[in-house]
**Student:** 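Input: one structure, supplied below.
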There are 2 protein chains.
Amino acid sequence: MTASPLSPSLSANALMIRKLDTIFPLSNDEKQALMELPIQLVKIDTGKDIVRLGERPQQSCLILKGFTCVYKLSVGGKRQIMALHVPGDIPDLQSLHLEVMDISIATISACTVGFLQHVDILRMCERHPRLTAALWRETLIDASIYREWLLNIGQRDSYARVAHLLCELLIRLRAVGLVENHAFDLPITQEEMADTIGISAVHVSRTFQALRANGLIETTRTRIYLPDWEGLKEAGEFDPLYLHLRNAP
Amino acid sequence: MTASPLSPSLSANALMIRKLDTIFPLSNDEKQALMELPIQLVKIDTGKDIVRLGERPQQSCLILKGFTCVYKLSVGGKRQIMALHVPGDIPDLQSLHLEVMDISIATISACTVGFLQHVDILRMCERHPRLTAALWRETLIDASIYREWLLNIGQRDSYARVAHLLCELLIRLRAVGLVENHAFDLPITQEEMADTIGISAVHVSRTFQALRANGLIETTRTRIYLPDWEGLKEAGEFDPLYLHLRNAP
DNA sequence: CGATCGCTTGATGTTGATCAAGTGCGGTGG
DNA sequence: CCACCGCACTTGATCAACATCAAGCGATCG
């Protein structure tokens with residue numbers, strides 16, 4: 001981790017509030033408490049581990065910029081990516097109550113993250129019990145996404161899997177204002193996407209081509225455009241219920 | 001749900017305490033609070049839904065006897081089972097903070113379950129903040145199991161998938177005293193196992209035969225014996241870290 | 001300006017799906 | 001107590017989706 005500590009920022013807390021507010025209604029009092037939560041900013045290069053399996057972190061990280069992934073390796077060395085996280089997410093919030101990491105978390109693009117000390121979070125939650133519920137709810141939505149991904153990988157073919165993942169990313173990124181006209185930055189290689197949905201990288205390439213041919217996606221190097229939202233939703237059997245957003249899209 | 005309400009029981013609360021205590025150290029005070037939690041017992045036949053996608057339950061259910069599964073259907077009608085739950089588990093604890101069910105839960109054998117009203121749970125948690133942490137932790141372990149299952153389905157072949165699932169069930173059942181000499185009741189059809197690990201029922205049958213041939217399992221109608229625990233663990237790449245048990249097996 | 005990385009393309013191989021026809025066990029009813 | 005029925009499981013044959021291997025291409029970056 002090539003970390004360059006910065007000074008505490010305004011916008012980190014604001015982003016956290018914005019994200020939390022999409023899943024749980026926050027009072028002004030609670031927003032104020034969140035604004036006062038100390039956050040230490042760090043920049044991290046692409047492809048670095050933020051935290052590793054087996055570690056016992058005293059902090060959780062808030063993504064401010066870039067994408068990260070949660071992953072595990074099988075004995076044969078194959079990688080499964082269990083989750084992708086985008087700005088506003090706290091990929092290892094679970095470590096607040098699960099001492100030993102059962103996963104690793106890595107950046108898949110250049111990232112800025114903010115570290116939240118567990119002691120600070122716990123103190124805040126003591127004073128504001130509804131914030132406990134809000135953060136608990138956030139971890140429950142993570143679990144809901146895992147469930148949907150199990151359905152995706154277990155039962156759908158590769159075409160639907162890719163379509164579903166793209167639908168989910170659009171909705172999640174839109175919630176934090178990172179989508180313009182059904183287009184967004186997607187700093188993820190086909191190999192990473194392959195490890196995410198359980199197919200080979202070669203087959204991701206072929207599947208992308210099929211989606212392009214059907215007018216469901218248009219891609220440039222790091223950006224993706226979804227010209228036919230209804231068509232993509234249907235292809236991916238996508239229903240955003242499982243994201244539990246307050247203002248359901 | 002062919003429900004026949006029974007009188008409040010002693011053992012339901014005791015089972016809940018026993019299970020929680022395997023993942024979180026409980027004080028006598030907290031155990032007392034759990035003993036006082038009202039639990040309404042209900043018997044449910046095989047193959048009935050306990051709660052369905054889209055519902056907004058005011059209660060969660062504690063499994064006392066039998067197995068249940070968490071599932072979703074794909075548009076094509078294929079079923080993915082995302083979780084199996086055994087006595088001591090609370091399969092829909094998430095509904096405490098996620099109003100709308102994003103999954104359905106069904107019995108896969110004759111079950112006795114106990115219903116816990118959300119208001120009662122919340123009141124108990126207010127008075128005993130460490131119990132909030134304990135229950136939160138329980139939902140985090142559910143999420144950890146989802147992650148491991150993603151790795152299982154996404155990266156391992158059918159032989160390893162079955163082996164892994166059997167290893168997990170042994171450990172989880174042992175924690176609640178339902179294993180004798182590496183043998184336990186397994187009231188699950190091969191079709192259900194197929195929907196759990198994302199392969200076809202026919203292939204489950206063949207995989208079982210391969211495991212039998214290698215001396216890793218012996219089965220009767222409803223019971224399974226694991227004669228070569230080390231061998232099975234290796235076949236399933238099983239490491240129980242992700243179950244976050246206090247007395248790691 | 002070469003090197004590297006990510007993507008593409010084609011050829012071949014394998015796992016596991018699907019279809020279809022049995023088999024055996026347990027439970028049910030006569 | 002026995003005969004029957006149904007369901008779970010088994011077995012064999014064929015097929016499809018996707019993996020793997022290998023080579024080439026194009027853009028980005030030092």
Side-chain angles (χ1 to χ4, degrees), chain A residues 2 45-48 67 69 74 76-81 106-110 152-165 185-213 217-224 235, chain B residues 45-47 67 69 74 76-81 107-110 152-166 185-213 217-224 235:
Chain A
T2 50
D45 284 344
T46 303
K48 305 292 180 193
F67 279 37
C69 71
S74 73
K78 296 205 257 184
R79 174 178 64 170
Q80 175 66 36
I81 293 177
T107 56
I108 58 176
S109 69
N152 208 31
I153 292 185
Q155 302 299 338
R156 298 201 260 252
D157 66 18
S158 62
Y159 187 81
R161 287 187 211 182
V162 173
H164 188 282
L165 178 58
D185 282 322
L186 186 62
I188 180 176
T189 65
Q190 293 188 356
E191 176 133 26
E192 286 155 347
M193 168 124 359
D195 290 344
T196 304
I197 58 178
I199 66 177
S200 69
V202 170
H203 207 66
V204 169
S205 174
R206 296 194 219 272
T207 306
F208 265 61
Q209 288 167 55
L211 287 163
R212 276 190 214 106
I217 66 172
E218 288 174 21
T219 57
T220 65
R221 196 125 202 68
T222 59
R223 207 165 166 78
I224 189 161
Chain B
D45 285 343
T46 304
F67 279 36
C69 71
S74 73
K78 296 206 254 183
R79 173 178 64 170
Q80 175 68 35
I81 292 178
T107 57
I108 59 175
S109 69
N152 208 32
I153 292 185
Q155 301 299 337
R156 299 201 259 252
D157 66 18
S158 62
Y159 188 82
R161 286 187 211 184
V162 173
H164 188 281
L165 177 58
L166 295 176
D185 282 322
L186 187 62
I188 179 176
T189 66
Q190 292 187 356
E191 176 132 26
E192 285 155 348
M193 168 121 3
D195 290 345
T196 304
I197 59 178
I199 66 177
S200 70
V202 170
H203 206 65
V204 170
S205 175
R206 297 194 219 271
T207 307
F208 265 60
Q209 288 167 55
L211 287 163
R212 276 190 213 106
I217 66 171
E218 290 174 21
T219 57
T220 65
R221 196 123 201 69
T222 59
R223 204 150 221 295
I224 189 159

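Quick note on labels: first sequence line is chain A, next is B, and so on, each numbered from 1.
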**Student:** Within the 4.0 Å heavy-atom criterion, would you say B:R212 contacts the bases, only the backbone, or no part of the nucleic acid?
**Tutor:**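 Here B:R212 touches the backbone only, sparing every base.
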
**Student:** Look at all strands and tell whether B:V202 reaches a base, only sugar-phosphate, or nothing, counting heavy atoms closer than 4.0 Å.
**Tutor:**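 Contact class for B:V202: base.
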
**Student:** Specify the closest pair of heavy atoms between B:N152 and B:R156, including all atoms of both residues, with the distance to one decimal.
**Tutor:**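 Scanning both residues completely, I find the closest heavy atoms to be OD1-NE, 2.8 Å.
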
**Student:** Whole angstrom is fine here: how far is it from CD1 in A:I217 over to C1' in C:dC7?
**Tutor:**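 One finds 13 Å between C1' of C:dC7 and CD1 of A:I217, rounded.
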
**Student:** Figure out the CD1/C1' separation between A:I199 and C:dT14, and round it to whole Å.
**Tutor:**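 For the pair A:I199 CD1 and C:dT14 C1', the rounded distance is 17 Å.
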
**Student:** Between B:T107 (side chain only) and B:D45 (backbone N and O only), is there a donor and an acceptor less than 3.5 Å apart?
**Tutor:**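 Present.
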
**Student:** With nearest nucleotides of DNA chain D determined for A:H203 and B:V204 from heavy-atom distances, which residue corresponds to the more 5′ nucleotide?
**Tutor:**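 Checking each residue's closest nucleotide, the 5'-ward one belongs to B:V204.
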
**Student:** Who are the side-chain hydrogen bond (donor to acceptor under 3.5 Å, both in side chains) partners of A:R79, not counting sequence neighbours?
**Tutor:**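 Result, side-chain hydrogen bond (donor to acceptor under 3.5 Å, both in side chains) vs A:R79: A:D195.
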
**Student:** With a non-hydrogen cut-off below 4.0 angstrom, is B:R206 in contact with a base, only sugar-phosphate, or nothing?
**Tutor:**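 Contact class for B:R206: base.
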
**Student:** Can you pull the contact range of chain B along DNA chain D, 5' to 3', using atoms under 4.0 angstrom from its heavy atoms?
**Tutor:**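 Going 5' to 3' along DNA chain D, contacts run D:dC9 to D:dA13.
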
**Student:** How many Å lie between CD on A:Q190 and P on C:dT9, as a whole number?
**Tutor:**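 The answer, rounded to whole Å, is 11 Å.
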
**Student:** With rounding to the nearest 0.5 angstrom, report the CD to CD1 distance, B:Q209 to B:I217.
**Tutor:**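 Between atom CD of B:Q209 and atom CD1 of B:I217 there are 9.5 Å.
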
**Student:** Under the side chain to side chain contact (heavy atoms under 4.5 Å, CB included) test against A:I197, which residue among A:R161, A:H203, A:H164 passes?
**Tutor:**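 Exactly one pass, corresponding to A:R161.
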
**Student:** Please confirm whether the backbone N or O of A:I108 pairs with a side-chain atom of A:T46, one donor and one acceptor, at under 3.5 Å?
**Tutor:**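 It does not hold such a pair.
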
**Student:** Could you give the angle between the helix axes at the two ends of the helix from C:dC1-D:dG30 to C:dG30-D:dC1, with five pairs per end, rounded to 10 degrees?
**Tutor:**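 Terminal axis comparison yields 40°.
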
**Student:** When you check the phosphate oxygens OP1 and OP2 of C:dC7, does a side-chain N or O of A:S205 lie under 4.0 Å from one of them?
**Tutor:**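 False: A:S205 side-chain N/O out of range (4.0 Å or more) of C:dC7 OP1/OP2.
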
**Student:** Base, sugar-phosphate, or nothing for A:S200, non-hydrogen atoms under 4.0 angstrom?
**Tutor:**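 Base, at least one base heavy atom under 4.0 Å.
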
**Student:** Where the side chain of A:Q80 meets the backbone of A:T196, is there a donor-acceptor pair that is under 3.5 Å apart?
**Tutor:**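 Pair found, side chain donor or acceptor close to backbone of A:T196.
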
**Student:** Quickly work out the A:R221 CZ to C:dG6 P distance and round it to whole Å.
**Tutor:**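 For the pair A:R221 CZ and C:dG6 P, the rounded distance is 9 Å.
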
**Student:** Between B:T222 (side chain only) and B:L186 (backbone N and O only), is there a donor and an acceptor less than 3.5 Å apart?
**Tutor:**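 The answer is no, because no donor-acceptor pair under 3.5 Å joins these two groups.
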
**Student:** Would you compute the distance between atom CD of A:Q190 and atom OG of A:S200 and round it to the nearest 0.5 angstrom?
**Tutor:**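 That separation rounds to 10.5 Å.
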
